[in-house]
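The sequence lines fix the lettering, A, B, ..., with proteins before strands; numbering per chain opens at 1. Remember, it's a predicted structure, so these values are computed and weren't measured experimentally.
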Amino acid sequence: MREKAALAQEAEIVILVEKSIAGDAESFGQLYDLYIDRIYRHLYYRVGNADVAEDLAAQVFLNAWRAVGRYRLTGRPFIVWLLSIAHNLLVDYYRAKRESTSIDDVIIPSSDADDPVSLAEKSFASAVMRQAIRKLKRDQQVVVVMRYIDGMEYPEIAAVLKKSEGAVRVILHRALVALRGIMGKDVEGLL
Amino acid sequence: MKREERVVGYLDEIRAGSLTLQEVATRSPSFQCELEPLVQVELKLTALPKTIALSEPTKARIRAQLMAEMREPAPAGRVQTWLLSWQKFGHRLLQPQALGHLMVRPIGVAVAFFLSFSLLGVGTVFAAMDSLPGDGLYPIKTAAEQARLALAFTSAEKADAYLWMASSRVKELSKIAESNRFDLAAKVAAEYQHSYGEAFRFASSPEQSETNFHQQVAVVQTDLREIYQKAPQDFQAILAVTLSVTSPGSTAASQSQVGTPPPNADRTEHEATPANGSDPVTSGLPQGDGGKVPTDKSGVVAEPTPGKTSPISSQPPEIGVSDKFPPKGDIGPAPGPVASKDTAPTGSSPSDNTRTGPVSDPASSAPSDITPPKTGDENETTNNNLDDGTKVKSGVIQGIVDRAPSVNGGDSTKR
């Protein structure tokens, strides 16, 4: 039953994508509704700033709309394509910043009432983990976020990063090892 | 497989529940020590909140901004830009002088045909036939027209292709009139004028008599006349200015405004003799003569000076007939007070045929056959004459009178 529902949703998404390719703005708007949260979440974990993540998320969908005419259905989830755009945007974003802001300086959203992340901030463990993720190397960071936050499969990550699946697994392994080290140090420091 | 890959593989299996640490320890004891801390890290990663999301108002705001951006002509523009670039590419391919070798022309033809029909699909092309300038599918329509033009090898076929394009413009004018999109009228009318002129330019070929060109001309003109007569006054004015419409029904003395022709025309008035005593000016439009283009001269008057005598055609608005040979790029309103009576340039040297398009040379003779197409140089000369009123011959009174193309007259063999 659950599989049927998933298949039906997939079919619906394919229709929306096809209509978007044909220039149907309303269908693309529905794709926005479906994926905005995942894109925002991905960006938030990558940049660690709610405002920046929001701006980038909007830009992702605008870029996607401008490019959707060239999108071809390949059987890969549409979200992967969106995340590719997000990834490219982030590359440009970091390039523009020229790394002037160190990872440590990235602002962790405060717990003001308007911040949707405020509730998550109450979790000490998750705050430490998010800090730790942002201290990873860029390629490790993106693999971790895609794997554990976005729930992407290795082939999808490999496609976005233009790497082999084996290379993605190796990066992930190194990321996990690095996280273990970072978290150990941070927890000790905080305590 | 590298060790790192194997570790990650075990982690995935443990996370999926298909394997336990103990089983890994049994199967591969060397991995156990490494796996244990990584499993802990992975647990924390998977425990990260997935509920991070934008607030609903923020999502709605971004969505509204996005939809506003999407309403901009970006998608259509993207398609149009892509299509137009291919159109330009096709045009370049179709220019023998650009290619430097006529043998390459068939490649251009093939490309144009392929682009218009194979890539876009026949259905899309047909759907595009109803589009108007500015519509997303309009470039497809023009590409299809260019493809047909590319496939026209003889002058007669080219004339038919251009006439087909002129017919398309007439249909667009009809839709424009119906939808009150008058902002498109001048552009479409100008393109009609160009296509119509080109059709007659190529219609001078002998093989043209083998086609139903004449009947098609009559149909186009009839359609255009109906559009004009039914159109609101604003639209009539646009058409009149752009196409140098004759003001039918008005006498030479009374006509003082372009684009306000009365609906009924009087053939007798139409054939009135101009003040300079030269040949009478007649309209070249078919007037219920079986759809055939008259073999005599035509007259189309534009912007006459009030109070002056003018060889005005009293025919119904004969849009475009005077533009039998419109100079390229000269598709705007006819020159104002400068007027001339057109006579046929047959037998005269090119230098004598200085009046092309909406302006005729009153000094030239008026044969009943199709006037050969003017060259670009001739057009340029015409424009010079317009700019310099002193060069306009004495027979010119006011308005712009042109000779109608006579393609079915007794002298058709001259073609």
Residues in residues 146-155 of chain A near chain B [non-hydrogen atoms, under 4.5 Å]
Arg147(A), Tyr148(A), Ile149(A), Tyr154(A)
Chain B contact via [X] - which portion, at a heavy-atom distance below 4.5 Å:
X: Ile39(A); value: neither
X: Val144(A); value: side chain
X: Phe61(A); value: both

If you look at every heavy atom in [X] and [Y], which pair is closest and at what distance?
X: Lys59(B); Y: Ile36(A); result: CD-CG2, 3.4 Å
X: Gln30(A); Y: Arg63(B); result: N-NH2, 3.6 Å
X: Pro37(B); Y: Arg180(A); result: CG-NH1, 2.9 Å
X: Leu172(A); Y: Val8(B); result: CD2-CG1, 3.9 Å

Below 4.0 angstrom, N of the basic side chain to O of the carboxylate: do Glu54(A) and Arg61(B) qualify?
yes
Taking C-beta and beyond as the side chain, do [X] and [Y] meet within less than 4.5 Å on heavy atoms?
X: Glu4(B); Y: Arg174(A); value: yes
X: Ile52(B); Y: Asp37(A); value: no
X: Glu69(B); Y: Arg66(A); value: yes
X: Val7(B); Y: Leu176(A); value: no

For Glu34(B) and His173(A), run side chain to side chain contact (heavy atoms under 4.5 Å, CB included): C-alpha distance rounded to whole Å, both residues' side-chain angles, the deciding distance at 0.1 Å, then the answer.
CA-CA 11 Å; Glu34(B) 187 178 358; His173(A) 176 266; 2.6 Å; yes
To the nearest 0.5 Å, how far apart are CG in Leu43(B) and CE in Met129(A)?
9.5 Å
Distance col, row Leu54(B):CG vs Tyr44(A):OH, nearest 0.5 angstrom, shows 11.5 Å
Quick one: of Glu42(B), Gln65(B), Gln40(B), who has the most non-hydrogen atom pairs under 4.5 Å with chain A?
Glu42(B)
Need one label for Arg15(B): side chain, backbone, both or neither, based on atoms under 4.5 Å from any heavy atom in chain A.
side chain
Please assess Leu179(A) against Leu38(B) for the test side chain to side chain contact (heavy atoms under 4.5 Å, CB included), listing each intermediate value before the final yes or no.
CA-CA 9 Å; Leu179(A) 278 174; Leu38(B) 295 183; over 6 Å; no
Taking atom NZ of Lys175(B) as the centre, does the number of heavy atoms from other residues, nucleotides or ligands within less than 6.0 Å exceed 12?
yes
Tell me, yes or no, whether the heavy-atom count around Gln9(A) atom CD, taken from other residues, nucleotides or ligands under 6.0 Å, exceeds 12.
no
Walk me through it: do Arg6(B) and Arg169(A) pass the test side chain to side chain contact (heavy atoms under 4.5 Å, CB included)?
CA-CA 9 Å; Arg6(B) 289 188 67 185; Arg169(A) 285 193 174 90; over 6 Å; no
